[in-house]
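Remember, it's 1-based here, ligands and their atoms both numbered in the order they're listed.
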Amino acid sequence: MIPTKNKHIIEWVDKIAKLTKPDNIIWIDGSEAQLEELRKEAMSTGELIKLNEEKLPNCYLHRSALNDVARVEDRTFICTKNKEDAGPTNNWMDPNEMYEKLHKLYDGSMKGRTMYVLPYSMGVIGSPFAKYGIEITDSIYVVVSMAIMTRMSKDVYDALGDSDDFVKGLHSKAQLDADNRYIVHFPEDNTIMSVNSGYGGNVLLGKKCFALRIASYLGRQENWMAEHMLILGVEFPDGNIQYISAAFPSACGKTNLAMLIPPKIYTEKGYKVWCVGDDIAWLRIGEDGRLWAINPENGFFGVAPGTNAKSNPNALASTKSDSIFTNVVLNLDDNTVWWEGLDKNPPKNAINWKGEKWNPDDGEVGANPNSRFTSPAKNCPCISKEFDNPAGVPISAIIFGGRRAKTTPLVYQSKDWNHGVFVGSIMCSETTAAATGAVGVVRRDPMAMLPFCGYNMADYWQHWINMGNNIKNPPKIFNVNWFRTDDEGNFIWPGFGENMRVLDWILARCNDELDAVESPIGYIPKSDDIKLEGSGVTKDVLEELLYVDKDLWREEVANIKEFYSQFGDKVPDVLLEELKELENGLK
Ligand code: GTP
Ligand code: SPV
Ligand code: MN
């Protein structure tokens, strides 16, 4: 039975069914009974492998195709009528041409398969922040993952009523043909089309495709922001909680920071950190003139390698039930999972992410470097009590950050909002396994949104500036870098829980409790103001971490000019002035 009378949904599903020609259509209602039936079916085909019910209740392993393990940025498109609206950093094709091309790929792509229609909400259903989506897919993995990652429920139909204000997402695995893999956004039509992939970021359409690419486009029109940001709350000993959001590129530490456990010198005093979100923030100006944020997601799609009881115990705990693991090692002895960096005891009797017998002594990794866990946010021991608050949380500080061996200091503060936008616009980071292509290449990744901005990046900067003009009490903006290395390539800063020491300084600055040193790039901490007790970091090392090398920054300026130049005269004047000021300061 069709669970909605919304004619926009019914007509669209009908049209897609005629195109893709499934044997069968199942309308997903979000009920546990229906999900359990689908999991059973997926187990019978090997799409899901049931794990040890005692150790990992209701957990499953999934392996994606060998050539399909990460986002495909070179095959991701923003199709607006005008090419300029997509901008020089997005792939673009004329929408009509793209629709035609895609229709050929979807034609009959679900023959012999079942088509699932799933209603979901990004944000709490009914909240002023919430946006709704319908995803059509031929993958059970997508259905059961979306059930964790979003608020997937037939209640969305009630919330929508007769409205056509929902994002249409069409996904078909088709033949998983890498040469015809496309992840396409039509922001002017509220439509996403994904074909020939089965990997998370390409197919869980509520996440990057909707909550960032389409949502950033909507945010510009509706005066809000969709950002690649974690959200966390720092609770002070007196019980007061202040919230921070932070944008780091993929696999650069958002999940880890969002769930950090502070060092002893803080926990002893009663400090705690609460996680509101680990990947995406939607931000709106509140009636009180502050910026308020929600996490539109309902789960974590986290990087497995490196996650362990020491680096991120909260993430690890989140994976202990009701989770799906993708492309990790299967331990055949007890039917559990393993990945590099989990512990020092790789299983001897095991299957690697490729589905082959694997011996840890052979020198090859067992888990894919971009292997992931999909876990309900509710599982996280430090999930914020505001997680489901439809109003969100007020943001005191915004942090930008990247993976940078040199140049960028451990932390610095921008001079004001516009300078903060400049700091975000010049973000630079090494590429990681989260996307296909070379790893470790330094590239500009403004606001960690290079692969996720659904329109012209220069217009996006202008939108940030416009937002700032309308926020009476804006967050302070900072930049961090946990990844400075010594000459041997070792990380100098201990990172993870120790990052609390930097958050402490950041909030002290927000609360006007500390002075700072002015430098050409912004305010740098006085080295006495970062608490080092128990960190193993000496004051000398801290000073090295905070050092601004003017020669390197002069090279940086030259590179920023080149980066900006591709946007022509669209680069906001405000940013050009900030760039000039930086250049002058370095003379
Ligand atoms: P996406 O889910 O791809 O958006 O990634 P993310 O930004 O959430 O990154 P995540 O927290 O999963 O961390 C990615 C990798 O960086 C993991 O291997 C972590 O162990 C490592 N990492 C995270 N925080 C730190 C840190 O403070 N220092 C160091 N050295 N490594 C870190
Ligand atoms: C990222 O790559 O930033 C992720 C994982 O968070 S994915 O959902 O694949 O985009
Ligand atoms: Mn991410």
Side-chain angles (χ1 to χ4, degrees), residues 64 68-73 76 142 145-146 149-150 183 194 197-213 227-232 246-260 275 277-281 295 297 299-308 310-312 314-316 318-319 326-327 339-342 367-375 399 401-405 410-411 429-437 439 445 448-452 480-485 489-503 545:
S64 63
D68 190 23
V69 296
R71 285 183 294 100
V72 279
E73 295 182 1
T76 299
V142 168
S145 298
M146 287 289 282
M149 293 305 298
T150 72
I183 318 300
S194 162
S197 175
Y199 165 75
N202 299 329
V203 300
L204 308 179
L205 300 184
K207 196 172 175 62
K208 294 307 172 37
C209 299
F210 178 168
L212 288 179
R213 298 194 190 97
E227 300 296 333
H228 192 198
M229 288 178 176
L230 67 94
I231 309 164
L232 65 81
F248 309 155
S250 303
C252 290
K254 288 183 300 303
T255 301
N256 278 272
L257 189 68
M259 301 177 190
L260 80 77
C275 172
D278 82 323
D279 198 48
I280 298 177
N295 168 14
E297 301 191 279
F300 310 121
F301 186 59
V303 177
T307 304
N308 62 54
K310 196 164 164 283
S311 65
N312 195 345
N314 285 317
L316 195 60
S318 307
T319 68
T326 305
N327 296 336
W339 49 78
E340 277 67 28
L342 174 63
N368 185 281
N370 191 39
S371 53
R372 299 251 166 187
F373 55 83
T374 311
S375 298
I399 307 178
R403 205 178 258 275
R404 206 78 205 270
L410 178 64
V411 58
S429 193
E430 292 164 21
T431 53
T432 64
T436 55
V439 169
D445 187 349
M449 284 289 278
L450 181 74
F452 306 120
V480 301
N481 178 20
W482 315 138
F483 300 94
R484 283 265 279 245
T485 57
N490 306 304
F491 294 122
I492 310 174
W493 176 250
F496 302 99
E498 306 298 328
N499 294 333
M500 176 67 192
R501 300 168 192 276
V502 174
L503 300 185
L545 282 161

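Numbered from 1 in the order shown, with element, the atoms of ligand 2 that lie under 4.0 Å from a heavy atom of K207 read 6 (O), 8 (O). Listed by number with element, the atoms of ligand 2 under 4.0 angstrom from any heavy atom of F301 are 5 (C), 8 (O), 9 (O). Each of the following atoms of ligand 1 lies closer than 4.0 Å to a heavy atom of R403: 15 (C), 16 (O). Close approach to H228 involves these atoms of ligand 2, each under 4.0 Å from a residue heavy atom: 3 (O). Distances below 4.0 Å separate heavy atoms of K254 from the following atoms of ligand 1: 1 (P), 4 (O), 5 (O), 6 (P), 7 (O), 8 (O), 9 (O), 11 (O).
The protein heavy-atom contact nearest to atom 7 (S) of ligand 2 is G201 CA, 3.5 Å.
At least one N, O or S atom of K208, from either the backbone or the side chain, sits less than 2.8 Å from the Mn ion (ligand 3).
At least one N/O-N/O distance between G253 and ligand 1 falls below 3.5 Å. Residue contacts with ligand 1: F496 is placed with a nitrogen or oxygen under 3.5 Å of a nitrogen or oxygen of the ligand (distance criterion only).
Among the heteroatoms counted here (N, O or S) of D279, OD1 is the one nearest to the Mn ion (ligand 3).
Across the listed options A315, S311, A251, A251 owns the non-hydrogen atom lying nearest to atom 1 (P) of ligand 1.
Ligand 1 has P249 within reach: a non-hydrogen atom of the residue lies less than 4.0 Å from it.
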